[in-house]
Amino acid sequence: MSQAAPDTDLSEGERARILAKAALFAPPPATLADGRRDLVGLTRDELAAEMVAIGEQPFRAKQLWHWIYHQGVTDFSRMPSIAKPMQAKLAERFVVGRPEATTVQTSTDGTRKFLFRYRDGQEVETVYIPSPDEDRGAVCISTQVGCTLSCKFCHTGTQKLVRNLGAAEIVGQFMAARDSYGEWPSPKDGTARHLSNIVVMGMGEPLYNYENTAKAMRIVMDNEGIALSRRRITLSTSGVVPMMDRCGAELNVNLAVSLHAVTNELRNEIVPLNRKYPIEELMAACRRYPGASNARRITFEYVMLRGVNDSPAEAHELVRLLKGLPAKVNLIPFNPWPGSPYKTSTGEAVRAFAEILEAGGYSSPVRRPRGRDISAACGQLKTESERVRRVKADAA
């Protein structure tokens, strides 16, 4: 049965409130101390405007777009289709930036984790997760420094929100990961690429930084640059309902929802955002999401917490909640982190939960733990970095 559309005035008002709050955590300007502007993160129109501002023709933007996003070049002198005097002019005024990788760890299972530091000293994590079955994988990118949601099982949720990332800082994570794997220029259609997917489910809630996240994803999807299709991008949200509607209308990338509980009582406790947008509103937004079909299912993330949310009764309730919705459920064994009050569900409980979902018609793969030898729980590497920096500061 179709769902009624949300109250338009209410939704617009709530979206405006969310965007106004996001502005309070705006990223710093994309300029260096010497005044040069970072060209990464600009739209085509913004790039053309920068060229006009320095007395050049707008077509220069198309040339630069090719070198920056298709070839992955960061040095203007290595852009041979641009004359040398123009290369020097660009170098005086602009940079093609990347975040600084202060720590890079590669797990025995091939997972590679980056700790990126930005110009203001803030840090985020990015993880490349190779497929266990194919020669490709997904880059899990962050959208905020810290997080505002305080989900009880999430390590990043223990870190306060510092600021949003800018579009350059978001797309720059993927570009730096490509640098690490030498995967430039962008592979042509049909050519295998190792970094084949993006999952926007690192640190932060992307829909609380929607404008910057959307701008970054449009750059990634541009056919003359990085050229990832929307079907290769999955955005994960804890359920910011008003922005889910906008994301579906404007980006229509794959949607993943961090559910983790099937009752409002429990979800209010472990995913506090549920107090604002309860399960009923969240599921209605999922049913409104455009393009959801058996070929393009919504993914529901469900962290398995021992004795908390892993009973057969809850599995049956999850089947009821999903009825009629093209969906799959990723069952995620909880990855313990220091100070967490939760334990990982037993293998028996996870299997029983999965069998009930499968019997109800929903694929329910159990996500294989990855990168545990490199502090794979989101936020752990950043926390350790901050601890080390505090110790050094105290010792100074």
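We number each residue from 1, following the sequence as shown. Heavy-atom basis, side chains included; hydrogens, waters and symmetry copies ignored.
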Is it the case that over 12 heavy atoms from other parts of the model lie below 6.0 angstrom from the CD atom of Gln57? no

With a cut-off of 6.0 Å (strictly less than), are more than 12 heavy atoms of other residues, nucleotides or ligands near CZ of Arg231? no

Any chance you could measure [X], atom [atom1], to [Y], atom [atom2], to the nearest 0.5 Å?
X	Y	atom1	atom2	answer
Leu318	His260	CG	NE2	12.0 Å
Glu358	Ser364	CD	OG	3.5 Å
Ile270	Tyr342	CD1	OH	6.0 Å
Ile141	Thr126	CD1	OG1	7.5 Å
Gln144	Asn209	CD	CG	5.5 Å
Glu134	His194	CD	NE2	12.5 Å

Has the side chain of [X] got a donor or acceptor atom that lies under 3.5 Å from a matching backbone atom of [Y]?
X	Y	result
Thr31	Arg37	no
Glu183	Asp179	no
Asn164	Thr143	no
Asn252	Ala249	no
Arg60	Met51	no
Thr237	Val240	yes
Glu169	Gly166	yes
Tyr210	Leu19	no
Thr102	Leu115	yes
Arg267	Leu259	yes

Compare every heavy atom of [Y] with every heavy atom of [X], then report the nearest pair and how far apart it is.
X	Y	answer
Ser186	Gly225	OG-O, 3.0 Å
Leu235	Cys247	CD1-SG, 4.3 Å
Met244	Ala285	CE-CB, 3.8 Å
Asp38	Gly97	OD1-N, 3.0 Å
Met304	Asp310	CE-CB, 3.6 Å
Tyr118	Pro99	CE2-CB, 3.5 Å

Group every Ile, Leu, Val, Met, Phe, Trp and Tyr by side-chain heavy-atom contacts under 4.5 Å, then state whether [X] and [Y] land in the same group.
X	Y	result
Trp67	Ile54	yes
Tyr181	Val73	yes
Val329	Leu321	yes
Leu207	Leu161	no
Val95	Ile170	no

If the threshold is 4.0 Å, N to carboxylate O, is there a salt bridge linking [X] and [Y]?
X	Y	result
Lys113	Glu125	yes
Glu281	Lys276	no
Arg367	Glu301	yes
Lys89	Glu92	no
Glu100	Arg119	no
Glu46	Lys215	yes
Arg351	Glu348	no
Arg93	Glu56	no

When you check the side-chain N and O atoms of [X] and [Y], is any donor under 3.5 Å from an acceptor?
X	Y	answer
Asn264	Glu280	yes
Tyr277	Glu14	yes
Asn268	Arg275	no
Asp75	Ser77	yes
Asp109	Thr111	yes
Glu224	His66	no
Asn254	Arg296	yes
Glu314	Asn309	no
Arg112	Thr106	yes

What verdict does the side-chain contact (heavy atoms from CB on, under 4.5 Å) test give for Gln122 and Val162, after you've listed the backbone C-alpha separation in whole Å, the side-chain angles of each residue and the deciding distance to 0.1 Å? CA-CA 9 Å; Gln122 296 298 335; Val162 178; 3.7 Å; yes

Given the rule in the side-chain contact (heavy atoms from CB on, under 4.5 Å) test, do Trp184 and Met175 qualify, once you have shown the distances and angles that lead to the verdict? CA-CA 9 Å; Trp184 297 102; Met175 297 172 78; 3.9 Å; yes

Ring-face cation contact, Trp65 with Arg44, 6.0 Å cut, 45° max: yes

Out of Val253, Val220, Ile198, Asn197, which one pairs with Arg232 under the side chain to side chain contact (heavy atoms under 4.5 Å, CB included) rule? Asn197

Just checking Tyr302 against Phe353, ring centres under 6.0 Å apart? yes

Please step through side-chain contact (heavy atoms from CB on, under 4.5 Å) for the pair Phe94 and Glu50, ending with a clear verdict. CA-CA 10 Å; Phe94 304 109; Glu50 290 288 345; 3.5 Å; yes

Begin from the C-alpha positions of Phe300 and Tyr362 and carry the test ring pair (Phe, Tyr, Trp, His ring centres under 6.0 Å) through to its verdict. CA-CA 11 Å; Phe300 289 87; Tyr362 293 99; 8.7 Å; no

Decide yes or no on side chain to side chain donor-acceptor pair (under 3.5 Å) for Glu205 and Thr148, but give the supporting numbers first. CA-CA 8 Å; Glu205 165 55 64; Thr148 190; over 6 Å; no

Go through Arg163 and Leu24 one step at a time and tell me if the side-chain contact (heavy atoms from CB on, under 4.5 Å) criterion holds. CA-CA 8 Å; Arg163 68 170 175 84; Leu24 299 176; over 6 Å; no

